[in-house]
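Heads up, the thing below is written out as structure tokens.
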Amino acid sequence: MIWRTTLLHRLVISRFLINGTAKKPISACRARDYGLSNITMHDLDGSLDPNKNEMPGFLVSNVTKIARFADGAGCTPIPDSCLQFCQETCLRNVKVRVSSSFSLRNIEMVNVDGEGNEDVTACSVYDIYQNSNIEREGMYLLALPTGPYYISFCDKSTQQMVWVDWAYIVYENSPENCVGYVTEDSIILQVLAFDEVRCSGELLDDGDLENIVDIPENIMGGWLQDNVNLELVDSGAGGPGYSLRAKGIAKKSPQYLAQYIDKSCIVVLVLLKFSADIRFENSNGSS
């Protein structure tokens, strides 16, 4: 058996051969439990095909965001493996890079192909410390054959189309020994057009911090930081409501609180105005 595999776009193992009989059937269930939902293994000789057709294909995570768009001879789930085998297709891994803010965990990426097939993908953030570090990124992961595809974003709660402040598509290396994979000109990002009503509202994500409390697992919402420990507190900056307490990390610089701004609202002859109430405290909590 000869295959090439990619796990979460972080580990790539190329062209290896396994001889003999495995003690247990192949399974990716443990990887799925760790959040790996975009596994693709290019089976060059069809050894992993459960239908025993001995035709090349891809062993992929058993998720609709891949199977919905796989062409070729279709996909066959492999029992108790959390995988499926997609025969005679050619898939290329694609990563849509976005911000790492917690507010994106309530945003789904919608992918529609040229024939109207549609599926959604959840955001994945590699942030083991859950500390809203601005240097980290979120990502939406796909594995696709030839396009075209139209990508947009929607709020899971309201199902309204939204924009994610910024997004950048990364195409991984093209697969070996197959044709018909997605190319760099096959995906169109559908950015919201400027709208005065939408853009004149609350342009900051969670500017009043209320959604951070209302949405489970949102934690710090759209707020990000560098070298600062963030804490949500009840007492505002001299007034009622919630506020963020930011404590600098000793001997670390720079230190700042930040968030990305929806670039679809930044157009010619538009003036953006921001304001904030800030209070400085001593280490004992006094102002």
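If you read the sequence from its start, that first residue is 1, and numbering goes on from there.
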Just verifying a value: how many Å separate [X] [atom1] and [Y] [atom2], rounded to the nearest 0.5 Å?
| X | Y | atom1 | atom2 | result |
| --- | --- | --- | --- | --- |
| K156 | E108 | NZ | CD | 5.5 Å |
| I187 | Y150 | CD1 | OH | 11.5 Å |
| C29 | N62 | SG | CG | 9.0 Å |
| Q190 | W163 | CD | CH2 | 9.5 Å |
| N229 | K247 | CG | NZ | 8.5 Å |
| I107 | T121 | CD1 | OG1 | 13.5 Å |

Main-chain N/O of [Y] paired to [X] side chain as donor or acceptor, under 3.5 Å:
| X | Y | result |
| --- | --- | --- |
| S81 | L83 | yes |
| Y171 | E184 | yes |
| Q84 | S61 | yes |
| S100 | R136 | yes |
| D113 | N117 | yes |
| R92 | E172 | yes |

Test item: [X] and [Y] side chains (from C-beta on) under 4.5 Å apart, heavy atoms:
| X | Y | answer |
| --- | --- | --- |
| M109 | L142 | yes |
| V98 | V164 | yes |
| P175 | L91 | no |
| L224 | N133 | no |
| D226 | E135 | yes |
| Y256 | V228 | no |
| I188 | I151 | no |

According to a 4.5 Å side-chain heavy-atom criterion applied to Ile, Leu, Val, Met, Phe, Trp and Tyr, with indirect links allowed, do [X] and [Y] form part of one hydrophobic cluster?
| X | Y | result |
| --- | --- | --- |
| W166 | V110 | no |
| Y140 | V112 | no |
| I66 | Y181 | no |
| I261 | V267 | yes |

message: What I want to check is whether the side chains of N53 and Q87 have a donor and an acceptor closer together than 3.5 Å.
response: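 Their side chains do contain a donor-acceptor pair, which is all the 3.5 Å distance test asks for.
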
What pair of heavy atoms forms the shortest contact from [X] to [Y], and how long is it?
| X | Y | answer |
| --- | --- | --- |
| A70 | C86 | CB-SG, 4.1 Å |
| L189 | F153 | CD2-CE1, 4.2 Å |
| D43 | D49 | OD2-N, 3.9 Å |
| L44 | N177 | CD1-ND2, 4.0 Å |
| A258 | I134 | CB-CD1, 4.0 Å |
| M55 | F85 | O-CZ, 3.7 Å |

Residues V94, V170; criterion side chain to side chain contact (heavy atoms under 4.5 Å, CB included); working and verdict: CA-CA 6 Å; V94 177; V170 177; over 6 Å; no

- prompt: Between L59 and L48, does a side chain to side chain contact (heavy atoms under 4.5 Å, CB included) hold up when you go through it step by step?
  reply: CA-CA 7 Å; L59 200 66; L48 299 174; 3.6 Å; yes

message: Counting only heavy atoms from other residues, nucleotides and ligands, does the tally under 6.0 Å from OH of Y168 exceed 12?
response: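 No - once you tally the heavy atoms of other residues, nucleotides and ligands closer than 6.0 Å, there are 12 at most.
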
- prompt: Got more than 12 heavy atoms from elsewhere within 6.0 Å of CD, Q159?
  reply: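 Atom CD in Q159 is crowded, with more than 12 foreign heavy atoms closer than 6.0 Å.
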
- prompt: Are H42 and C178 close enough, and set up right, to give a side chain to side chain contact (heavy atoms under 4.5 Å, CB included), and what steps lead you there?
  reply: CA-CA 10 Å; H42 190 184; C178 70; 3.9 Å; yes

F69 and Y149 aromatic ring geometry - parallel, tilted or perpendicular at 30°/60° bounds: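 Y149 and F69: perpendicular rings.
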
field: Pairs involving residues 58-68, ordered by first then second residue, that meet salt bridge (charged side-chain N to carboxylate O under 4.0 Å, His left out) (sequence neighbours left out)
entry: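 Passing the test, one end in residues 58-68: R68-D119.
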
task: Could you give me the CA-CA distance, side-chain angles and deciding distance for D165 and S99, then say whether side chain to side chain donor-acceptor pair (under 3.5 Å) is met?
output: CA-CA 8 Å; D165 300 336; S99 161; 5.9 Å; no

- request: Verify side chain to side chain donor-acceptor pair (under 3.5 Å) between N93 and T40, making sure each step is shown before the conclusion.
  value: CA-CA 8 Å; N93 287 312; T40 60; 3.2 Å; yes

